[in-house]
Amino acid sequence: MGNEFNLLTHLPAIAPEIGLAIMAIVVLALDLFLPESQRRNIAIVTAIGLAALALTPLIWGPPAAPAGLTGAEANQTLLFWGGMVRHDVLSQVFHVMVLLAGAFAALMSIDVKGIGRKGEFYLILIVSTLGACLMASAADLIMIFVALETTTIPLYVLAAFMRGSSKSAEGGMKYFLFGSFMSALLLYGFSLLYGFTGQTNIYAIAEFLGTPAFGQNAVPVLVAMVLILAGFGFKISAVPFHFWTPDVYEGAPTPVTAFISVASKAASFALLLRFMVAVFPVGLVIGGAEIHGFWVQLMAALAVVTMTLGNVVALAQRNIKRLLAYSSIAQAGYLLIGLAAIGSQEQSVAAISFYLFMYTFTNLLAFAVVILFSEATGSETIADLAGLSRRSPWLALTMTVALLSLGGVPPAAGFFGKFFLFQAAVEANLVWLAIYGVLMSIVALYYYLVVVKVMYVDRSEDEDKPIPLSRPYVWVLGVTTIVVLLLGTFGAQVVYDWALANASSLFA
C-alpha cells in the first residue's frame with residue numbers, strides 16, 4: 001500500500017526520525033570525546049537539536065491530496081514507505097509535541113545529580129523520542145509494535161537510571177514487568193487481527209472487516225479489540241491499567257517522569273486515536289453489530305472510572321510527584337472523553353490534540369519546578385513546599401500557573417483544553433459525560449489549590465534560604481509559562497484551528 005516509491009517524496013514522512021538517528025550518533029560521539037568538565041554541553045546540544053527538529057514537520061509538511069480524490073484514494077496519497085507510515089497533519093502535530101517535550105526534558109536534566117553529565121542518558125532519551133515520533137505516524141501493525149517498543153524499552157532503562165536509589169530501581173522494575181505483560185496482550189490482539197484479515201496495514205484491515213466475507217464474526221473482533229485496548233490503556237495510564245504510574249513517577253528521575261507523562265502519553269493517544277478510527281470506523285457492521293458504538297461506550301466507561309480514581313486518590317497524596325501521577329491518570333480520563341465523543345469527528349480529534357498540546361507544556365512546567373525544589377532541598381513532600389513564595393517568588397508563581405492550568409482555571413491553557421473536550425462530548429450527545437467531567441474537574445481543583453495554599457500561606461523555617469535558578473531552567477520555566485498563558489488566551493484559537501486541520505486529514 002502507499003505511494004509509488006520516490007525518495008524525495010517519501011523522505012518528509014520520516015525526516016524527524018532520520019534527524020533523531022543522526023543526533024543519537026552525534027551525542028554518542030560527544031560522550032566519547034568530551035572531557036568531564038564539558039559534559040554539561042551534551043544536554044544543551046540535545047535540547048537545541050530536538051527543538052530544531054520540531055520545526056521540520058512545520059517546514060516540510062504533509063502533501064495535499066490531489067483534487068477530486070476522496071475516501072480510500074485520498075488515503076493512499078498519505079501512506080508512505082510501503083504503507084508503514086501515514087504522513088498527515090495529525091502526525092505533524094504530535095511530532096512537534098514529542099520533539100519539544102524531549103528538548104525540554106533534556107534541558108531539565110542538565111543540573112540533576114546522577115544524570116546531568118551522563119551522555120548515555122541523553123542518547124537513550126533521543127532513542128525513546130524517535131520511537132514516540134514513529135508512533136505518531138504508524139499505520140501498520142508491525143510499525144506500531146516496533147514504535148511502541150522503541151519508545152518504552154528505553155523508558156524502562158531511564159526509569160531505573162538512578163542505580164543508587166531503591167525507589168528508582170523499584171519503579172523501573174515495575175514499569176518493565178507491567179509493560180512486558182501488557183505488550184504481550186497488545187501483540188496477541190494484533191495477531192488476532194492479522195489472523196482474521198491477512199493484512200497488517202490498519203486501513204486494509206478495516207476494508208476487509210467490512211466485507212461480507214467476514215460474515216458473522218463480531219465476537220472474535222471484539223475480543224481482539226479489548227486486548228488491544230488493554231495494551232493501549234497501559235500506555236496512557238487508564239484505569240485499571242494504571243498500577244505502575246504512581247511508583248514509576250515517584251521513583252524515576254524527575255526529568256524522566258516529566259518525559260513519560262507528556263511525550264509517551266501524547267504519542268500513545270495519537271496512535272490510539274488513529275488506530276481506532278482506522279480499524280473500527282463509523283459504519284462498520286459485523287454480524288449485525290455496530291462495532292463503533294461498542295468501543296465508544298467502552299471509552300465512556302473507561303473515562304468515568306479513570307477520572308474518578310485519579311482525582312479521588314490524588315486527594316490523599318503527600319508526595320508532589322505521586323500527586324502529579326494521579327493527576328496524570330485523571331487527565332487520561334478527560335482525554336478519553338474526547339475519544340468517546342468521536343461521533344463529532346473533527347471536533348473531538350481537535351479537542352484531544354489541543355488538550356495534549358497544552359498538557360505537554362503544563363506538565364513540563366510543573367515538573368521543572370519540582371526538579372528545582374527537590375535538587376535544592378532533597379524533598380518531594382508537599383508540606384515542605386511551605387514558604388516557597390518567599391524563598392523563590394518566581395518558582396511559586398510558575399507552579400501556580402501550572403496547577404491552575406491542570407485544574408482548568410482561566411487564563412491558563414487548561415480552561416480551553418477542558419472546554420473543547422466537554423463541548424465535543426455535548427456535540428456527540430454525551431451530555432452526562434461532559435457534566436461528570438466538570439464535576440471531577442471541581443474535585444481536582446481542590447488538591448491543586450491545596451498545593452498553592454501551602455506555597456503561599458504556610459510558614460517554613462527555611463524561608464530565608466533562596467532556591468538558585470540556572471540559565472537553562474530560566475529558559476524552561478519562562479518558555480513553558482508563556483506558552484501555557486498564550487494557549488489560555490490569544491493562542492487557543494490558532495492551535496485549535498491547526499488541530500482541526502489534523503482532524504479532517506484523519507477522516508480522509
Side-chain angles (χ1 to χ4, degrees), residues 101 171 233 235-252 254-266 268-269 302-338 352 355-371 373-374 380-383 385 398-409 412-415 417-418 421 436-455 480 484 488:
K235 306 297 181 186
I236 63 174
S237 305
V239 176
F241 314 107
H242 67 288
F243 296 108
W244 61 275
T245 311
D247 292 324
V248 173
Y249 274 46
E250 183 183 7
T254 309
V256 176
T257 303
F259 184 76
I260 292 173
S261 72
V262 293
S264 177
K265 189 182 291 286
S268 298
F269 261 104
L302 277 176
V304 169
V305 295
T306 303
M307 284 187 292
T308 304
L309 185 139
N311 284 317
V312 171
V313 179
L315 294 170
Q317 300 308 307
R318 298 293 177 262
N319 180 290
I320 187 66
K321 286 171 73 173
R322 289 186 77 88
L323 182 141
L324 290 172
Y326 283 104
S327 165
S328 177
I329 293 169
Q331 304 295 331
Y334 300 132
L335 285 159
L336 287 169
I337 292 178
I352 292 171
Y355 197 93
L356 282 166
F357 202 82
M358 81 84 197
Y359 178 72
T360 296
F361 287 95
T362 299
N363 237 33
L364 287 171
L365 176 57
F367 277 110
V369 176
V370 173
I371 289 170
F373 182 80
S374 62
E380 296 169 354
T381 306
I382 294 172
L385 288 166
T398 53
M399 187 63 163
T400 301
V401 170
L403 293 171
L404 292 180
S405 182
L406 289 171
V409 177
F415 171 75
K418 286 185 169 60
L421 280 176
Y436 192 79
V438 171
L439 293 175
M440 284 293 101
S441 298
I442 295 170
V443 174
L445 193 57
Y446 172 78
Y447 59 79
Y448 294 133
L449 290 178
V450 165
V451 180
V452 175
K453 172 256 182 187
V454 170
M455 293 190 299
T480 50
V484 168

T245 versus S237, closest heavy-atom pair with distance: OG1-OG, 3.3 Å
Contacts of type side chain to side chain donor-acceptor pair (under 3.5 Å), residue T308, not counting sequence neighbours: Y436
Taking every non-hydrogen atom, the tightest pair across Y447 and A330: OH-CB, 4.4 Å
Shortest non-hydrogen contact from F361 toward F357: CD1-O, 3.3 Å
M358 and V484, any side-chain heavy atoms less than 4.5 Å apart: no
Qualifying residues under side chain to side chain contact (heavy atoms under 4.5 Å, CB included), relative to Y446, sequence neighbours excluded: L315, V450
By side chain to side chain contact (heavy atoms under 4.5 Å, CB included) - contacts of V451 (at least two apart): I320, L323, I382, L385, L403
Note, M307 side chain near I329 side chain (heavy atom, < 4.5 Å): no
Listed partners of Y334 passing side chain to side chain donor-acceptor pair (under 3.5 Å), at least two apart: N311
Inter-residue atom distance Q331.CD - S261.OG, 0.5 Å rounding: 10.0 Å
Whether T257 side chain and Y249 backbone form a donor-acceptor pair below 3.5 Å: yes
Sequence neighbours excluded - salt bridge (charged side-chain N to carboxylate O under 4.0 Å, His left out) pairs with any residue from residues 323-333: none
Set of residues satisfying side chain to side chain donor-acceptor pair (under 3.5 Å) with respect to Y359, sequence neighbours excluded: S328, N363
Point-to-point distance, once rounded to the nearest 0.5 Å, from OG of S374 to CZ of F367: 10.5 Å
Non-hydrogen atoms of G333 and A303 that approach each other most closely: O-CB, 3.5 Å
L324 vs V370 side-chain heavy atoms within contact, under 4.5 Å: yes
Smallest separation among heavy atoms of A101 and V262, with atom names: CB-CG2, 3.8 Å
For K321, salt bridge (Lys or Arg N to Asp or Glu O under 4.0 Å) partners two or more places apart: E380
Spacing of CZ belonging to F259 relative to NZ belonging to K265, to within rounding of 0.5 Å: 13.5 Å
Polar side chain donor-acceptor pair, Y448 to S327, under 3.5 angstrom: yes
Residue pairs involving residues 444-453 (criterion salt bridge (charged side-chain N to carboxylate O under 4.0 Å, His left out); sequence neighbours excluded): K453-D458
Side chain to side chain contact (heavy atoms under 4.5 Å, CB included) involving S268 - partner list, sequence neighbours excluded: M135, K235, I236, S264
Partner set under side chain to side chain donor-acceptor pair (under 3.5 Å) for T362, not counting sequence neighbours: S405
Partners passing side chain to side chain contact (heavy atoms under 4.5 Å, CB included) against L309 (at least two apart in sequence or in another chain): V239, H242, V313, Y326
Nearest atoms (heavy-atom pairs only) where L364 meets A258: CD2-CB, 4.1 Å
Sequence-distant partners of E250, salt bridge (Lys or Arg N to Asp or Glu O under 4.0 Å), two or more places apart: K167, R322
Exam field: side chain K418 to backbone L406, donor-acceptor pair closer than 3.5 Å: yes
Side chain proximity check, L356 to F269, heavy atoms < 4.5 angstrom: yes
Student check: side-chain heavy atoms of V305 and P240 closer than 4.5 Å: no
Minimum side-chain heavy-atom gap L449-L404 below 4.5 Å: yes
